[in-house]
Every structure is written in C-alpha cells, then in structure tokens.
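Written out below as structure tokens is the structure these notes cover.
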2 protein chains.
Amino acid sequence: MKFNKTTEYAFRILSYMAIEESRSYSVDEIFEKLHIPYRYLRKLMTNLSKSNFLYSIQGKNGGYKISGKLEDIKLLNLIEVVDPDYLVSNCFFGIENCSRESTCIMHDQWDGVRTHINTILANTSLADIKQGNNQNKIVLNTFHSLKT
Amino acid sequence: MKFNKTTEYAFRILSYMAIEESRSYSVDEIFEKLHIPYRYLRKLMTNLSKSNFLYSIQGKNGGYKISGKLEDIKLLNLIEVVDPDYLVSNCFFGIENCSRESTCIMHDQWDGVRTHINTILANTSLADIKQGNNQNKIVLNTFHSLKT
DNA sequence: CTTATATAATACCTAGAGGTATCATTTATG
DNA sequence: CATAAATGATACCTCTAGGTATTATATAAG
Ligand code: SF4
Ligand code: SF4
C-alpha cells in the first residue's frame, strides 16, 4: 500500500520543484523546505538527475532543474525508476511459482487493486500536482514546510 | 501494495489449514506443504495461537487447530494482528504532520485505494478462500505444493 | 588564479524485518 | 516412569533500505 521512503521523497521533491518549474533549486533550499535527511537527499538528487528527471548545474550557484514538461512526467515514470519492484505483478499470497493456470479467488481482486493504483499513477503528472497545489494551498502551506 | 512476508505466510497458513478446518496440523506438516522457513514458521504459529486464530495442542501428537468459524475469520482480522501498520491511513507523500484541513490532489484518490483494499480484506473470510479452492484446484495443486 | 559554494562519487554505519539456534515444557504411549 | 514427539520461550544472526561521512570535482565571482 504505502510507498517506500525513497519514493515518497522523490514525489515530494518533484512536487515541490514543480511549483516554479523553470528555476533551479539547490539541495540546501529543498532541505530547508522538505526536511529530507540532508545527505540522503543529496544522494537522491544525483540519482534523479542520472535518471533524467532533473538536470544538475554544478559549481557555485548550482542546483537542479526539472527537465522536460511537467505534464509529461507522470508519477508512474518516477516510481518506475525509484522503486521498480512496486509495480511488478505480485501474487496476493507471495507465491513465486504459481502456475496461474486457473487463478485463485484473490487473483482478480488483487489485479483490480493493482490496476486502480496504476491508473492513478499513470494519469497523474507533475502538472496535475502543481495545479492541485494552486487550487488549495495545502502543499505550499503545510506539506512543504515541515518541522524537523 | 504487497504485504510483508509474515502476512503472506499467515494468509497461506490459514488458507491451508482451512482445507480441513476441524483437524489439527503439526508445524512439520505445514512446513512440508508450504515451505515457509521452518523455525520462523514455528515462531509465527505460536504468535497466531497467542492471538487466538489458532489454538495449540501441546505434547506428542500435538499441533494447531483453527479456532472459531471460518466465515468469522476475515483476512482483515489477520492483518490487523500480523501487520497493523498496513492499515493505518498513510499520507500518499509520507507526511506525518499534514493538517489535512484542505486536502491535496492525491488525498482522496489514495483514500479510494485504501478503501478498495480494506473492502476486499474485510469481505474475504477463510470460508471464501476455502470455497474458492474447492472450485478450482489451484491452491491444492500449485499454491500448496511449492518446491523449496 | 584563488576562494567559496555548489554537485559527484564512494565507502561506511544502523535499525528492523526476517531467519536461526538452543533449551525448556507438555503429553501420548509403551 | 521413561521416552519420543510435539509446542513454547528466548537469544542471537543476517541482509538491506535508509542514512552518514569523507573526499573529489566543477564553476561563479572577486
Ligand atoms: S492465482 Fe492466487 S496464488 Fe496464483 S498468483 Fe494469483 S493470487 Fe497468487
Ligand atoms: S492532504 Fe495530501 S499531503 Fe496531506 S495527508 Fe492527504 S495526501 Fe498527504
């Protein structure tokens, strides 16, 4: 059900950077706002730029910018990179070698859940998140100004 | 999305024991069939009897029996004991202290997923699993005779 | 061209879920 | 009763996601 921490962090980072998608954000600024453990955040940012969601500007006054259009970056794309296992079609009972010739009573139901989640992730882009944030200020006010 | 191993194990154990709900099963027999790591299985069985899904018969010829009616044991009840965190209403973004005054764009969608899962777990009892197993032999044939 | 400020690379540490090992206790049976 | 066959209790080990620490590299600006 819930995502691993790294995924949550990635979602929050990109959602935050979408607020002003065209400017660059330093790790320090993101840390100030999101309070993701600093050094882990550093590592994650370089991963996100290696996987081309961001590009980095090195040196003084450096930072990261979102690369590409917000509406083209779906949450599904992010999770594919950051936690690919999340999306694989797992057996409800955790069985590796089920033949799946005739499926058990949980199989289709669980596929339904998976489809439900996938649909949400595939249909929600950073543009949607940004728009949601503008409509009610939750992200700017609460979500993005956490206490330590 | 997927459950932790202990939950998967619990589901499989109880589903298996539901096949002949009235007799007792030794750990050795369950191990033979399900190939859950032996000593971990032992530990889990005593947990399941402490939480009253099973009761244990000690001594020679001992084992475990399902306690109560199959239709009264919902998967939800099991997971409540074995992985209570699974069901808590987690924020999509993993935020602890969101005020939730005005909810973000993901909130309701994610609640929908949670409700979906909860409905499945709350509505499926061991009796349903057993019935499903009888209709197509997946559990008996594949699911419950795994290789090491 | 030096310095300060940024990211990059890499190696290491930690907590907790999952898994093991050992010994104690219960009880059917001869 | 003695023994074997079962569960109970408890302490320890292990692997990995998450988190730290350190050093290297890039670059804006004086
Ligand atoms: S049919 Fe049932 S046991 Fe087999 S993979 Fe699907 S959920 Fe798992
Ligand atoms: S409103 Fe959004 S940020 Fe707040 S708890 Fe719900 S999902 Fe999380």
Side-chain angles (χ1 to χ4, degrees), chain A residues 1-13 17 23-32 34-67 79 81-86 93-94 96 148, chain B residues 1-13 17 23-32 34-67 79 81-86 90 93-96 148:
Chain A
M1 166 87 223
K2 56 179 294 211
F3 305 107
N4 65 24
K5 296 246 182 201
T6 307
T7 306
E8 293 173 348
Y9 292 162
F11 285 170
R12 285 161 60 189
I13 292 165
M17 293 179 70
R23 78 168 168 90
S24 98
Y25 293 77
S26 70
V27 168
D28 283 61
E29 178 185 356
I30 296 173
F31 173 72
E32 285 298 318
L34 305 190
H35 294 96
I36 295 161
Y38 186 77
R39 289 161 194 276
Y40 196 66
L41 175 60
R42 292 271 303 274
K43 201 195 267 183
L44 180 50
M45 294 301 282
T46 66
N47 285 347
L48 290 172
S49 50
K50 276 186 186 164
S51 35
N52 291 115
F53 293 106
L54 308 175
Y55 64 91
S56 72
I57 303 139
Q58 291 195 51
K60 193 170 177 177
N61 302 331
Y64 299 86
K65 262 187 206 174
I66 288 180
S67 66
I79 204 171
V81 162
V82 123
D83 182 18
D85 279 355
Y86 192 86
F93 292 98
E96 295 295 329
T148 317
Chain B
M1 165 88 224
K2 57 179 294 211
F3 305 106
N4 65 26
K5 296 247 182 200
T6 308
T7 306
E8 293 172 350
Y9 293 162
F11 285 169
R12 284 161 60 190
I13 292 165
M17 292 178 71
R23 78 168 168 90
S24 98
Y25 293 76
S26 72
V27 168
D28 284 59
E29 176 185 357
I30 296 174
F31 173 72
E32 285 298 319
L34 304 190
H35 294 97
I36 295 163
Y38 185 76
R39 289 162 195 276
Y40 196 65
L41 174 59
R42 291 272 305 274
K43 202 196 270 183
L44 180 51
M45 293 303 280
T46 65
N47 286 346
L48 290 172
S49 49
K50 275 185 188 166
S51 34
N52 292 115
F53 293 107
L54 308 175
Y55 64 90
S56 71
I57 302 138
Q58 291 196 52
K60 192 167 177 178
N61 302 331
Y64 299 87
K65 263 188 206 174
I66 289 180
S67 67
I79 204 170
V81 161
V82 122
D83 182 18
D85 279 357
Y86 191 86
N90 290 306
F93 292 98
I95 290 173
E96 295 295 330
T148 318

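Within every chain, numbering begins at 1; the chains are lettered A, B, ... in the order of the sequence lines, protein sequences first and strands thereafter.
If you take CG on L34(A) and OH on Y25(A), they are separated by 10.0 Å, rounding to the nearest 0.5 Å.
For the pair Y55(B) OH and dT26(C) P, the computed distance is 19 Å after rounding to whole Å. When the C1' atom of dT20(C) is taken as reference, atom CG of L44(B) falls 15 Å away, rounded to whole Å. Between the OH atom of Y25(A) and the P atom of dA6(C) there is a distance of 16 Å, given to the nearest Å. Remark: C1' of dA26(D) and CE of M45(A) are 17 Å apart, rounded to the nearest angstrom. When the C1' atom of dG18(D) is taken as reference, atom CZ of F3(A) falls 18 Å away, rounded to whole Å. Atom C1' of nucleotide dA24(D) and atom CZ of R39(A) are separated by 15 Å, given to the nearest angstrom. Atom pair F31(B):CZ and dA5(D):C1' shows a separation of 17 Å (rounding to whole Å applied). Rounding to whole angstrom units, CZ of residue R42(B) and C1' of dT22(C) are separated by 11 Å.
Heavy atoms of Y9(B) sit under 4.0 angstrom from primed sugar atoms or phosphate atoms, though from no base atom.
Side-chain atoms of K43(B) and base atoms of dT7(D) include no donor and acceptor less than 3.5 Å apart.
Of the candidates dA8(C), dA4(C), dT25(C), dT25(C) carries the atom nearest the Q58(B) side chain, counting heavy atoms from C-beta on. Side-chain proximity of K5(A) to dG19(D), dG19(C), dA9(C): nearest is dG19(D). Comparing dG18(D), dT7(C), dG8(D) by their nearest atom to the side chain of V27(A) picks out dT7(C). With dT20(C), dT7(D), dG18(D) as the candidates, the nucleotide lying closest to the side chain of Y40(A) is dG18(D).
Between Y55(B) and S49(B), the shortest heavy-atom distance links the atoms CA-CB, 4.2 Å.
Within the 4.0 Å cut-off from OP1 or OP2 of dT29(C), at least one side-chain nitrogen or oxygen of N61(B) is found. Neither OP1 nor OP2 of dT7(D) sits under 4.0 Å from any side-chain N or O of K60(B). Contact between the side-chain N/O atoms of Y64(B) and the OP1/OP2 oxygens of dG8(D) is found at a separation under 4.0 Å. Between S56(A) and dA8(C) there is a side-chain N or O to OP1 or OP2 distance below 4.0 Å.
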> Does the pair I30(A) and M17(A) meet the rule for a side-chain contact (heavy atoms from CB on, under 4.5 Å), with working shown?
Replying inline: CA-CA 8 Å; I30(A) 296 173; M17(A) 293 179 70; 3.9 Å; yes

>> With side-chain contact (heavy atoms from CB on, under 4.5 Å) as the criterion, how do I13(B) and L41(B) come out once you've worked through the C-alpha distance, each side chain's angles and the decisive distance to 0.1 Å?
In response: CA-CA 9 Å; I13(B) 292 165; L41(B) 174 59; 3.5 Å; yes

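Note on ring orientation: taking the six-membered ring where Trp is involved, the planes of F3(A) and Y86(A) are tilted (angle from 30° to 60°).
When each of T46(B) and T6(A) is assigned the nucleotide of DNA chain D with its nearest heavy atom, T46(B) is the one assigned upstream, toward the 5' end.
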